[in-house]
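The structure under discussion appears below in the form of C-alpha cells.
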Number of protein chains: 2
Amino acid sequence: MNDVILLSHGNGGLSTKKLIEDIILKHLGERGEKELYDAAVINMEGRYAFSTDSFVISPIFFNGGDIGKLAVDGTCNDLGVMGARPLYLSLSFIIEEGFKLSDFERVVKSIKEAADENNVSIVTGDTKVVEKGKGDGIFINTAGIGIITDRRDWRDRKIKEGDLVLVSGTMGDHGTSIMLQRLGIDTTEEVRSDVAPSGLLGVELLDRFSGIKFMRDPTRGGLATVLNEVAEMYSVGIEIDEERVPVKGWVKEATEVLGIEPYYIANEGKIVVIADKQEAEDILSYMHSHPLGKDAAIIGEVTKGKRVYLRTKIGTKRILDFLKKDLLPRIC
Amino acid sequence: MNDVILLSHGNGGLSTKKLIEDIILKHLGERGEKELYDAAVINMEGRYAFSTDSFVISPIFFNGGDIGKLAVDGTCNDLGVMGARPLYLSLSFIIEEGFKLSDFERVVKSIKEAADENNVSIVTGDTKVVEKGKGDGIFINTAGIGIITDRRDWRDRKIKEGDLVLVSGTMGDHGTSIMLQRLGIDTTEEVRSDVAPSGLLGVELLDRFSGIKFMRDPTRGGLATVLNEVAEMYSVGIEIDEERVPVKGWVKEATEVLGIEPYYIANEGKIVVIADKQEAEDILSYMHSHPLGKDAAIIGEVTKGKRVYLRTKIGTKRILDFLKKDLLPRIC
C-alpha cells in the first residue's frame, strides 16, 4: 500500500515534500539544486539554445533504455544538434496514481545516469499526480538550456547543390524495437532502442568541422521527415541511396513484415548532417572513430529541385514524402 | 470526425505539421518562433531564473480562466517572485486522442492572451498525443526563463524577528472555486479562480522596495505551506492573525462546509511577501494601488522559534503545520 504513488504525493504538502526528498533529491541531489526555490537562478552570458519535449513512451522500460534516459537524452540531443552543449535541465513528472514507487525510483536513477553522461545539471522541477485511469504510469517533460559557440552555430550557413548528407548510424532502431516489444513479439538481445546522447557527438563535430551546414536528430517521423523539412526550409532537392542508408538486419526484416519503411521510423541516438562535399569524408572518419558513430555513412546529396528522392537498389527513383501513414503512437 | 485530436497528430509527420501550423502557430505566431528548429536560440547576458510546471487541472475550463492561462501565468509567476521578468517560455502539450480541436484552439488562444499579458515569448514547444483513456483531455507543461536584476534578487537578504508578512490579496479563491465546480455545486459569478499574472506585481515591488526579503506565490499547499517552508529554510518562527488574513465570503462559507482551511488552499494570482518592518506599510500601499493587490494585507510577523502559528479570533494560538490532509487533486 505504501509502495505506490498516491494522489497525496501531488498535493504540495508533506507527502510531496517527502517524495521529493526521499526519491528525487536522493538521486538527483548531486546534479540538482540544493535550495528548493520555485525557480533556479543561473548566470548566463552568450548564445543559448532552449528546447523542450514531453515523453509519453509506452512501455516505459524497454530494451536499451527507459523513459528517464529518453527524457534526458532526447532534450540534450535537441540542444546538441543546434551546436549547444547542454548545461541546465528542468524536469517535470505527471504520474498516475498507483504507479509503483520502485519503478519511479528506477526512472529517477536512470535520469541521474543520463544527466551524468550528458554533463547537464537538473536545476528545477515539478511533480503532479493524476487519478488512476487519467494518465498512463508516468509522463516526463524536460526543458533544456545549452550554450552555443559561434563556431558551432550552423544556422547561417547556406546549403547548396552538391552538399552531402550523412547519418551517424543505422536508421530505425528505436521505433522498430518499441513496436516489436509492444506487439509482444519475442525478441533477441540485439533488438534494442538506440537511445543515446548523440548530441554530444554533434557538438564534437560542430567544434571541428565548419563545413557542417545542418544537423538534426531524426526522432519522430524519422530520416524522411528531417530531409523533407530541409528541402522545404532551404528550397533544395535531396537524393539518397537506399543501398547506402545503414539499416540493421532485424530492422530490415521487421519493417518489411510490418510494411513500413525504416526512413520514417524514430531514432533516439542518431544525427543527420548536411555538409560541404570537401569535408564530408573527414566528418565520416571522425564519426567512425566515435562510439556513437561507428555505423555512420554518407547516404546522398543535395540536388536541384524541391523534393526528396530515394534511389532504390533496382535503379528506380521515387519520392520520399512527409510521413502520411500512421505509425504506432507513443514511441517517445 | 475531423474536429478531434487523432493519434496521427502526434506522429511527427504531416498531421503534426498541420496541427502546429493551423492552430499553434496561427495563434502564437506573433509571440513565437518563426523557424521550426528543435530548439530556440537566445542571446543572454546576466542572471536568469529558470522554472517549470506541468498543469493537469480538471476541469480545463473554469470560472476565471482555463488550463492555458494557468500554464502561462503559473510559470511566469514562479519567475516573478524570484525577481525575474519573464522573457521566454517553452510550451509542451500531452493531448488525449479524441480531444476536441475547437477546445484545443480555445486553449491556445488563451495561452496567447496570457503570454501577451506577461510580455513573454513562446520560443519552443512540443506536442504529444496519447490514446483515449491514457490521458485526460490535455496536460500542459511550460518552462520559463526570466531575467533578474541585482536589486530584485532577494535571496541573500536575511529574514529576522520583527519582519512582517504580507499577502497581495484574498487567500483560497483558486482551489475553492475549482472544488465547488468539480463538486457540481451551482455557483454564482463571484465564485471564480484568481488566476492572474501576479508575478508582474512581484517584479514591480522588488524593483521598488529593497526591504523585501522573501517572495513566493502560494499555489499548491497554499499560504500555510509557504510559511512553513520559510520557517524551515530560515529557522524562524512566524505568527499570523486569523482576522487579518483576507478571505472572500464565499471562500469562508465553502471551506467551513467542506471542513478545510483557506490557508492550505491553492492561489494562482497572489504573492506572499516578507519584508522589513520599516518598508511594510509602503509596500502595502503600493499593492493597494495595483490592480492585482487591492485586497493586500499585513497578516503577521516573523518571531522567535521555528514553527508557524495562527492567532485565532478568539485569542488562542495554534500551530499551522505543513499540509497533511488530502485536498482535492488536480487543482493546477
Would you say B:N228 and A:K17 make side-chain contact, with heavy atoms under 4.5 Å?
no
Among A:G135, A:P329, A:G221, residue most engaged with chain B (heavy-atom pairs, under 4.5 Å):
A:G135
Spatial distance of atom CG (B:N11) from atom OH (A:Y264) [nearest 0.5 Å]
11.5 Å
Counting only heavy atoms closer than 4.5 Å, note whether A:V129 contacts chain B via side chain, backbone, both or neither.
backbone
Do the ring planes of B:F50 and A:F50 sit parallel (below 30°), tilted (30 to 60°) or perpendicular (above 60°)?
perpendicular
Bottom line for B:I331: the part with an atom under 4.5 Å from chain A's heavy atoms is neither
Please classify the contact of A:T127 with chain B as side chain, backbone, both or neither, using a heavy-atom distance under 4.5 Å.
backbone
Could you walk me through whether A:D53 and B:K128 pass the side-chain contact (heavy atoms from CB on, under 4.5 Å) check?
CA-CA 9 Å; A:D53 259 321; B:K128 292 283 165 28; 3.7 Å; yes
Please report the interatomic distance CG(A:N141) to CD1(B:I140), rounded to the nearest 0.5 Å.
11.5 Å
Identify which part of A:L14 has an atom lying under 4.5 Å from any heavy atom of chain B, answering side chain, backbone, both or neither.
both
Please classify the contact between B:I94 and chain A as side chain, backbone, both or neither, with a heavy-atom cut-off of under 4.5 Å.
side chain
Looking at A:K134, I want to see if its NZ is surrounded by more than 12 non-hydrogen atoms of other residues, nucleotides or ligands under 6.0 Å.
no
At a 4.5 Å cut-off on heavy atoms, which part of A:S54 comes close to chain B: side chain, backbone, both, or neither?
both
For residues 78-90 of chain A against chain B, heavy atoms under 4.5 Å, the residues are A:D78, A:L79, A:M82, A:Y88, A:L89, A:S90
Quick check: do B:V130 and A:D136 have side-chain heavy atoms less than 4.5 Å from each other?
no
Who wins among B:F139, B:F55, B:F93 for the most heavy-atom pairs under 4.5 Å with chain A?
B:F139
Part of B:T75 within contact of chain A (heavy atom distance under 4.5 Å)
neither
Using a cut-off of under 4.5 Å for heavy-atom pairs, which of A:G13, A:G46, A:G144, A:A224 has the most such pairs with chain B?
A:G46
A:I145 side chain near B:Y48 side chain, heavy-atom distance below 4.5 Å
no
Is B:I42 close to chain A through its backbone or its side chain, or both, or neither, when contacts mean heavy atoms under 4.5 Å?
both
With respect to chain A, which residue among B:N43, B:T16, B:D126 yields the maximal number of heavy-atom pairs within a distance under 4.5 Å?
B:D126
